[in-house]
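Below: one structure, written as structure tokens.
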Amino acid sequence: MHTPVGGFPDGRDVAAHRAAEDALRGSEHQLASIVDIAADAIISVDEDQVITLFNQGAERIFGYAASEAIGQRLDLLIPADVHEKHRQHIRDFARSGEPARRMGERAEVRGRRKNGEVFPAEASISKLVIEGRHVFTAVLRDVTERRAAEAERARLLEAEQAARAAAETALRTRDEVLAVVSHDLRNPLSVIDMCAVSLGDRLPPEDEASRSLVRTIESSTQWMNRLIEDLLDVARVEAGRLALERQSHDLVRVISEATVMLEPLIAEKSLTLREELPDLLPRARVDARRVVQVLENLVSNAVKHTAAGGEILIRADSANGEVRIVVRDTGCGIPTENLPHLFDRFWQARGARRGGAGLGLAIAKGIVEAHGGRIWVESTLGVGSTFGFSLPLASDSP
């Protein structure tokens, strides 16, 4: 038979055949390179479960060199207690019609390093039939760090949940105690107050010394009632149960009514009160009683830290959809390091004279934030302090 020049007897082109062989060898070399540098362990075994392929990823994970692993049984890489179970798994897989399977669907996959350390892993296995014999290839990933991170997250979550449950229990207990104590305290305080009023009515006008003592009793009972209410307010703020009775209010009028109540307190300290209020402010939906409470707390704080002869300014304006109210004093000022703590409950500056329970500013912050507003402070030592808060305007305000 005549053979065509440059071709096979059946007419195929030799050059094309050689190009196809070269392309195949190139593809095989490229695939081998990819397999070798893969981060995961890629391991092939024959039907006898003898290792025939062990890439660089497997070397890094198991600690064996490829020359140590190839030719050894797969048992080398598996804890002894699961040798037989693993062999049976591969035999079952060989008889199945599945081309690939994820390992460890019912139990955790574990590997064993050269140093004897057992580690958790994720693995999948595939099979091919080459010249009538099965070849199994497993891709395995070491998940030690991931499992440790998951365990740490679970531990932290459990600790957080336990802490939250303990905090909630403590808050409930505190609220129950406060409710009982406030009720039990108010009853005798009411009796003391009524007795003081009755006693004052019976005293002769000229007995000023006795009348002064009665007034001291009355002011002390009022102070104790305010302290009880402050404690209850703090508990309400922290529990998110601060009740607001919102209505649309003219804030100029609200501020003016508050300053009238505050004038005796300011006069007692020989201070000057100045107002800078516009004739009209946009209306805001607020609880007027609570807004007055904020102003009382801010002004009382200013009075406490301003020497006789000083000045307290109350100013208000509106911009950017909110009303801003400012209380500025000419007092001693506040050290910069104390500013972040001013609105913390029960906080008192070190060395400061005890003038209350340290609840007024914390309550003011809770009231303002319950309205959807914000509160802030600026201060310069020796010059004075400025406390301000904002309240959102009513939706129908011009």
Side-chain angles (χ1 to χ4, degrees), residues 193 196 200 208-209 211-231 233 251-277 288-316 324-336 338-339 341-365 367-368 375-389:
D193 190 52
E208 183 55 33
R211 285 182 171 278
S212 177
L213 291 174
V214 169
R215 286 195 295 271
T216 300
I217 294 171
E218 290 175 340
S219 63
S220 295
T221 57
Q222 291 169 4
W223 182 83
M224 284 296 295
N225 275 311
R226 284 198 301 271
L227 179 57
I228 292 169
E229 191 59 36
D230 281 351
L231 287 169
D233 275 345
L251 286 178
V252 172
R253 176 175 294 181
V254 173
I255 297 168
S256 297
E257 290 174 355
T259 55
V260 169
M261 291 187 290
L262 292 165
E263 281 174 353
L265 174 67
I266 294 169
E268 184 181 356
K269 190 76 177 284
S270 300
L271 302 175
T272 301
L273 175 64
R274 189 159 61 89
E275 295 182 4
E276 290 183 2
L277 303 178
R289 181 177 64 86
R290 292 294 189 182
V291 173
V292 169
Q293 186 179 355
V294 173
L295 280 168
E296 286 178 342
N297 284 336
L298 296 185
V299 172
S300 297
N301 184 73
V303 169
K304 185 167 62 175
H305 296 97
T306 304
E311 179 184 86
I312 294 176
L313 167 70
I314 300 178
R315 187 178 67 240
R324 295 175 302 194
I325 302 169
V326 168
V327 175
R328 190 177 69 199
D329 63 61
T330 57
C332 57
I334 304 165
T336 303
N338 291 344
L339 293 177
H341 306 289
L342 288 179
F343 298 104
D344 295 347
R345 57 189 171 87
F346 302 113
W347 187 83
Q348 295 271 357
R350 184 175 297 176
R353 207 164 37 84
R354 298 291 297 185
L359 296 175
L361 294 179
I363 293 169
K365 180 175 184 286
I367 292 172
V368 170
I375 192 167
W376 65 90
V377 59
E378 299 169 356
S379 187
T380 304
L381 279 175
V383 176
S385 304
T386 300
F387 285 82
F389 65 98

Please report the interatomic distance [atom1]([X]) to [atom2]([Y]), rounded to the nearest 0.5 Å.
X: L298; Y: L361; atom1: CG; atom2: CG; answer: 6.5 Å
X: S385; Y: E378; atom1: OG; atom2: CD; answer: 10.0 Å
X: N301; Y: T306; atom1: CG; atom2: OG1; answer: 8.5 Å
X: E296; Y: M261; atom1: CD; atom2: CE; answer: 5.0 Å
X: R328; Y: E311; atom1: CZ; atom2: CD; answer: 7.0 Å
X: D193; Y: I217; atom1: CG; atom2: CD1; answer: 10.0 Å

Under a 3.5 Å distance rule, please check whether [X] uses its side chain to pair with a backbone N or O of [Y] as donor and acceptor.
X: S379; Y: G384; value: yes
X: K365; Y: F343; value: no
X: T221; Y: E218; value: yes

Can you spot which of N297, V254, T259, L262 makes a side-chain contact (heavy atoms from CB on, under 4.5 Å) with V292?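 When N297, V254, T259, L262 are each tested with V292, the side-chain contact (heavy atoms from CB on, under 4.5 Å) holds only for V254.
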Look at atom CZ of R215 and say whether more than 12 heavy atoms of other residues, nucleotides or ligands are closer to it than 6.0 Å. yes
Return yes when atom CD of E208 has more than 12 non-hydrogen atoms of other residues, nucleotides or ligands closer than 6.0 Å, and no otherwise. yes
Nearest heavy-atom neighbours spanning [X] and [Y]:
X: L277; Y: I314; result: CD2-O, 4.2 Å
X: I367; Y: R290; result: CG2-CB, 3.6 Å
X: L271; Y: G309; result: CD2-N, 4.0 Å
X: K304; Y: K269; result: O-NZ, 3.8 Å
X: A258; Y: L295; result: CB-CD1, 3.9 Å
X: I255; Y: A316; result: CD1-CB, 3.9 Å

Dump the intermediate steps for side-chain contact (heavy atoms from CB on, under 4.5 Å) on W376 and L339, then the final yes or no. CA-CA 10 Å; W376 65 90; L339 293 177; over 6 Å; no
